[in-house]
Amino acid sequence: MTPSPISLVSLAHAADLPRLFDVWHLSVRATHDFLADSDIAFLMPFVRDELVRVTAERLLQVLRADDGVAYAFLCVEHARIEMLFVHPDRRGSGAGRTLVRYAIASLQATAVDVNEHNAQAHGFYRHLGFIVENRSPLDPFGKPFPILHLKLAENT
């Protein structure tokens with residue numbers, strides 16, 4: 001019997017951190033074409049610190065390949081999906097969908113923010129039952145990358 005994909009979700013460990021940072025970096029390069037190299041460089045220290053924090057606080061969930069190497073991760077805080085990244089080689093494999101379903105079913109996630117310029121992410125979340133609640137013209141750092149604030153539709 002094949003296990004449920006959701007049962008494959010596990011907690012991240014400190015030893016995963018270098019790989020998780022690589023997953024984030026490669027994923028952003030593949031999906032955030034509206035960011036300049038300088039924008040990504042600006043985010044790097046923040047992302048490193050956040051990955052350490054959420055791993056230490058046991059908030060980071062991962063999907064692992066058969067060899068144990070993480071290829072996708074998720075963080076939910078206060079019912080909000082704060083991070084969801086999938087290695088580009090695993091895009092389209094169902095990893096993101098599995099993690100979002102886990103977030104909703106097991107972590108009571110009901111909201112997520114996406115960059116307005118990331119149409120793929122917006123479409124992905126819309127397909128999984130999220131709708132736009134409102135919009136911010138700037139990202140959390142005050143940069144001109146509008147953010148769409150999505151919430152889980154009540155009939156989902």
Side-chain angles (χ1 to χ4, degrees), residues 3-118 120-122 124-125 128 130 133 136 138-152:
S4 160
I6 288 179
S7 71
L8 301 176
V9 178
S10 64
L11 280 174
H13 306 289
D16 295 319
L17 288 169
R19 171 63 176 181
L20 297 176
F21 182 80
D22 288 345
V23 168
W24 170 81
H25 189 241
L26 292 168
S27 177
V28 167
R29 290 273 183 206
T31 61
H32 291 62
D33 57 357
F34 55 92
L35 294 177
D37 289 345
S38 59
D39 297 317
I40 295 171
F42 171 83
L43 292 171
M44 286 176 151
F46 172 77
V47 171
R48 283 188 201 279
D49 289 348
E50 278 299 287
L51 286 172
V52 169
R53 181 185 69 79
V54 297
T55 299
E57 293 179 12
R58 302 176 56 85
L59 297 172
L60 201 64
Q61 311 292 325
V62 297
L63 287 175
R64 298 176 188 282
D66 291 340
D67 61 4
V69 175
Y71 63 87
F73 66 89
L74 162 83
C75 175
V76 174
E77 287 189 273
H78 310 291
R80 177 176 300 281
I81 297 172
E82 296 290 351
M83 295 184 219
L84 174 66
F85 293 94
V86 177
H87 191 284
D89 292 347
R90 296 290 188 127
R91 285 184 64 210
S93 71
R97 183 176 54 250
T98 294
L99 287 171
V100 170
R101 288 184 175 155
Y102 177 85
I104 293 167
S106 300
L107 304 174
Q108 292 71 52
T110 59
V112 64
D113 291 344
V114 297
N115 288 99
E116 185 175 68
H117 295 106
N118 190 344
Q120 287 181 349
H122 182 209
F124 167 77
Y125 285 112
L128 292 175
F130 288 84
E133 186 171 34
S136 298
L138 304 175
D139 73 7
F141 300 102
K143 294 187 178 262
F145 300 114
I147 301 295
L148 298 175
H149 306 285
L150 310 179
K151 68 176 183 175
L152 193 59

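Everything numeric here is computed off the predicted structure, so don't read it as measured data. Quick note: numbers below take in every heavy atom, side chains included, and nothing from hydrogens, waters or symmetry partners.
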Colleague: Where is the tightest heavy-atom contact between A12 and T55, given as atom of each residue plus distance?
Modeller: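 Looks like O-CG2, 3.8 Å.
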Colleague: Ring centroid separation for F124 and H122, is it under 6.0 angstrom?
Modeller: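 No: the rings miss the under 6.0 Å criterion.
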Colleague: If I take atom CD from residue E77 and atom CD from residue E50, how far apart are they, to the nearest 0.5 angstrom?
Modeller: 7.0 Å
Colleague: Would the number of heavy atoms belonging to other residues, nucleotides or ligands and lying under 6.0 Å from CG of D66 be above 12?
Modeller: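 No, CG of D66 has 12 or fewer neighbouring heavy atoms, counting only those of other groups under 6.0 Å.
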Colleague: Side chain to side chain contact (heavy atoms under 4.5 Å, CB included) for N115 and I147? Distances and angles first, verdict last.
Modeller: CA-CA 5 Å; N115 288 99; I147 301 295; 3.6 Å; yes
Colleague: Nearest 0.5 angstrom please: R80 CZ to L150 CG, how far?
Modeller: 9.0 Å
Colleague: For the residue pair L59 and R53, what are the closest heavy atoms and their distance?
Modeller: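 Distance-wise, the nearest heavy atoms are CD1-NH1, 4.3 Å.
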Colleague: Atom CD of E133 and atom CG of L148: how far apart are they, to the nearest 0.5 Å?
Modeller: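 It is 11.5 Å, given to the nearest 0.5 Å.
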Colleague: Return the minimal non-hydrogen interatomic distance between L99 and L74, and the atom names on each side.
Modeller: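 Looks like O-CD2, 3.4 Å.
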Colleague: Of all the heavy-atom pairs spanning A95 and A72, show the shortest one and how long it is.
Modeller: CB-CB, 4.2 Å
Colleague: According to the interplanar angle, ranging from 0 to 90°, do the rings of F73 and F85 count as parallel (below 30°), tilted (30 to 60°) or perpendicular (above 60°)?
Modeller: tilted
Colleague: Of all the heavy-atom pairs spanning P144 and P146, show the shortest one and how long it is.
Modeller: O-CD, 3.5 Å
Colleague: State the CG-NE2 distance between D16 and H13, to the nearest 0.5 angstrom.
Modeller: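 Those atoms lie 6.0 Å apart.
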Colleague: Answer yes or no: is there a donor N or O on one side and an acceptor on the other, between the side chain of D139 and the main chain of K143, under 3.5 Å?
Modeller: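 A pair under 3.5 Å: yes.
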Colleague: Just by distance, do the side chain of H87 and the backbone of D89 share a donor-acceptor pair under 3.5 Å?
Modeller: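 Looks like yes, one N/O pair under 3.5 Å.
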Colleague: Side chain to side chain contact (heavy atoms under 4.5 Å, CB included), that's the test. Do W24 and M44 meet it? Break it down for me.
Modeller: CA-CA 9 Å; W24 170 81; M44 286 176 151; 4.0 Å; yes
Colleague: With rounding to the nearest 0.5 angstrom, report the CZ to CZ distance, F42 to F141.
Modeller: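 Result: 5.0 Å between the selected atoms.
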Colleague: Below 4.5 Å, heavy atoms only, C-beta onward: do V52 and F21 meet side chain to side chain?
Modeller: no
Colleague: What is the distance from atom CD of E82 to atom CG of L60, rounded to the nearest 0.5 Å?
Modeller: 12.0 Å
Colleague: Would you say L63 and R90 make side-chain contact, with heavy atoms under 4.5 Å?
Modeller: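 A side-chain contact is absent here, since even the closest heavy-atom pair is not under 4.5 Å.
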Colleague: Hey, does L8 have a side-chain heavy atom less than 4.5 Å from the side chain of T98?
Modeller: no
Colleague: Check whether any side-chain N or O of D39 sits under 3.5 Å from a backbone N or O of A36 as a donor-acceptor pair, and report yes or no.
Modeller: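 Indeed, once roles are kept as given, a pair shorter than 3.5 Å links the two residues.
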Colleague: Taking side chain as C-beta onward, heavy atoms only, is M83 less than 4.5 Å from L51?
Modeller: yes
Colleague: Could you please spell out the steps behind the side chain to side chain contact (heavy atoms under 4.5 Å, CB included) verdict for T110 and H78?
Modeller: CA-CA 9 Å; T110 59; H78 310 291; over 6 Å; no
Colleague: Could you tell me whether a side-chain N or O of D67 sits under 3.5 Å from a main-chain N or O of V69, the two making a donor and an acceptor?
Modeller: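 Side chain of D67 to backbone of V69, a donor-acceptor pair under 3.5 Å: yes, one is there.
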Colleague: Quick one, V76 and Y102 - any side-chain contact, counting heavy atoms below 4.5 Å?
Modeller: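 They are not in contact (no side-chain heavy atoms under 4.5 Å apart), so the answer is no.
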Colleague: Which of parallel (below 30°), tilted (30 to 60°) and perpendicular (above 60°) describes F34 and F145?
Modeller: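 Tilted, since the angle between the ring planes falls between 30° and 60°.
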Colleague: Do the side chains of H117 and H32 get nearer than 4.5 Å, heavy atoms only?
Modeller: no
Colleague: Answer whether the closest heavy-atom distance between the side chains of V62 and S10 falls below 4.5 Å.
Modeller: yes
Colleague: If you compare all heavy atoms of S136 against all heavy atoms of H149, which two are closest, and at what distance to 0.1 Å?
Modeller: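 Shortest heavy-atom separation between S136 and H149 comes out as OG-NE2, 2.5 Å.
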